[in-house]
Amino acid sequence: VLLAGLLFRAQKFADAAAEYEALRAALPDDPLPALGLARRRDRGGRPDEARALLSELTAKFPDFSEGLLERARFALKEDRAADAEPLLRRALALAPHDHDVRYNLGLCLERLNRPDEAREHFAAFKRIEGDMKRLDELLSAVVARPGDPAPRREAAAVCRRNGQTQEALRWLRGALEVAPTDKLAHAALADLYDELGDANRAATHRARAK
């Protein structure tokens, strides 16, 4: 998939499509090659083929939010906002923290003359985008201050706010690797384990946070 993506970014669309075709045949249970192929067919001036691929993709993988989003983008491009909305609503239910879904749902609702609803999704898009930017800044801070648990704690908070629970756990564990007695990291882990229903680990970290 990486090679196909690199070929596409190099605007070698035919080579990228061939690579995605091969991956699609080799990995029938992976939705990404079919999604990549649909995008390349569209960029290669074959929108009918792309549309058919996306319909097939979302039928086979109904819980694949990226496929639903891509179908919705197609509908918006063709001025079919009413068709795009249910696709975007389904994608949002599956991926509530996906900023692309939020942005496209905002566009869709604007075109359907529902500006108040659109503004809500644009605001969410901007918040998530801001969090992504902040996470990049925190990564730089971790490199600059490897012994400081604070950037890792904040990165965990950003990830948790955006539904990335496992990433939040990883950041908090990293904070404790560099500062094993950090009470704030222990308190955050206690809260997170409570949320995950792991009462024993939550109690252990809560005791260490005192």
Side-chain angles (χ1 to χ4, degrees), residues 1-6 8-10 30-32 35-36 39 61 63-70 72-73 76 87-110 117-198 201-202 204-206 208-209:
V1 177
L2 177 60
L3 174 59
L6 291 172
F8 176 73
R9 283 191 287 276
D30 186 343
L32 288 174
L35 177 64
R39 288 171 172 165
F61 302 100
D63 293 335
F64 181 46
S65 64
E66 290 183 58
L68 294 163
L69 172 60
E70 197 64 23
R73 282 174 168 156
L76 288 173
L87 295 167
L88 289 165
R89 295 285 186 192
R90 175 64 177 155
L92 182 64
L94 293 165
H97 304 289
D98 186 318
H99 72 308
D100 284 335
V101 172
R102 291 283 189 175
Y103 180 76
N104 280 277
L105 185 51
L107 286 178
C108 179
L109 292 167
E110 264 192 344
E117 289 181 72
R119 276 193 291 272
E120 291 178 16
H121 292 288
F122 285 137
F125 162 75
K126 289 179 181 178
R127 178 189 62 75
I128 297 167
E129 192 175 48
D131 278 345
M132 293 170 67
K133 180 180 178 182
R134 181 59 182 155
L135 200 54
D136 284 340
E137 294 169 351
L138 291 166
L139 286 168
S140 297
V142 167
V143 173
R145 309 195 308 272
D148 184 357
R152 292 174 171 84
R153 287 198 312 264
E154 187 180 345
V158 170
C159 289
R160 187 177 178 187
R161 185 162 60 240
N162 287 282
Q164 297 171 300
T165 303
Q166 293 304 314
E167 282 296 294
L169 281 172
R170 185 177 69 82
W171 280 114
L172 288 171
R173 289 168 181 159
L176 290 179
E177 285 178 9
V178 300
T181 61
D182 186 75
K183 293 183 178 182
L184 292 175
H186 281 295
L189 269 171
D191 289 344
L192 192 49
Y193 279 125
D194 268 337
E195 185 180 302
L196 293 170
D198 192 333
R201 286 181 176 172
T204 297
H205 287 286
R206 188 158 287 111
R208 292 176 182 174

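Keep in mind that the numbers below use all heavy atoms, side chains included, and drop hydrogens, waters and symmetry copies.
Closest heavy-atom contact between A118 and G106: CB-O, 3.4 Å. Contact detail for L35 and G67: the closest heavy-atom pair is CD1-CA, 4.3 Å. For A168 against L192, the heavy-atom pair with the smallest separation is CB-CD2, 3.9 Å. Here the closest non-hydrogen pair linking L172 and A156 is CG-CB, 3.5 Å. When all heavy atoms are compared, the tightest approach of P149 to G147 is CD-O, 3.5 Å.
Note that CZ of R145 and CZ of R152 are 10.0 Å apart. Values are rounded to the nearest 0.5 Å. A distance of 12.5 Å separates CG in N104 from CG in L68, rounded to the nearest 0.5 Å. In this structure, the separation between CG on L109 and NE2 on H121 is 5.5 Å, given to the nearest 0.5 Å. With rounding to the nearest 0.5 angstrom, the CG atom of L189 is 11.5 Å from the CZ atom of R153. With rounding to the nearest 0.5 Å, the separation of CZ in R89 from CG in L105 is 5.0 Å. Going from atom OG of S65 over to atom CD of E70 covers 11.5 Å, rounded to the nearest 0.5 Å.
Counting heavy atoms from C-beta outward, E154 and L135 have side chains that stay 4.5 Å or more apart. With contacts defined as side-chain heavy-atom distances shorter than 4.5 Å, the pair E167/V158 does not qualify. Side-chain contact between E66 and D100 is absent, with no heavy-atom pair separated by less than 4.5 Å. Looking at heavy atoms from C-beta onward, E110 lies in side-chain contact with F122 at the 4.5 angstrom threshold. Two residues are said to be in side-chain contact when any heavy atoms from C-beta on lie closer than 4.5 Å; L94 and F64 fail this criterion. In this structure, L169 and L196 have side chains that are in contact, with non-hydrogen atoms separated by less than 4.5 Å. The shortest distance between side-chain heavy atoms of P146 and V178 does not fall below 4.5 Å.
Contact check on E195 versus R160 returns a salt bridge, with a Lys/Arg side-chain nitrogen under 4.0 Å from an Asp/Glu carboxylate oxygen. Contact check on E137 versus R134 returns a salt bridge, with a Lys/Arg side-chain nitrogen under 4.0 Å from an Asp/Glu carboxylate oxygen.
Within the structure, every pair that satisfies the ring-ring contact (aromatic ring centres under 6.0 Å, His included) test and touches residues 148-188, not counting sequence neighbours, is listed here: H186-H205.
In this structure, D148 contributes its side chain and A150 its backbone to a donor-acceptor pair below 3.5 Å.
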For this session: I would like to know whether L88 and L69 meet side chain to side chain contact (heavy atoms under 4.5 Å, CB included); could you show each step before the answer?
Result: CA-CA 6 Å; L88 289 165; L69 172 60; 3.8 Å; yes
For this session: Walk me through it: do R127 and R102 pass the test side chain to side chain contact (heavy atoms under 4.5 Å, CB included)?
Result: CA-CA 10 Å; R127 178 189 62 75; R102 291 283 189 175; 5.9 Å; no
Problem set entry | Full working for side chain to side chain contact (heavy atoms under 4.5 Å, CB included) between R73 and R39 | CA-CA 11 Å; R73 282 174 168 156; R39 288 171 172 165; 4.0 Å; yes
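Taking the six-membered ring for Trp and thresholds of 30 and 60 degrees, F125 and H99 have nearly parallel ring planes, at less than 30 degrees apart.
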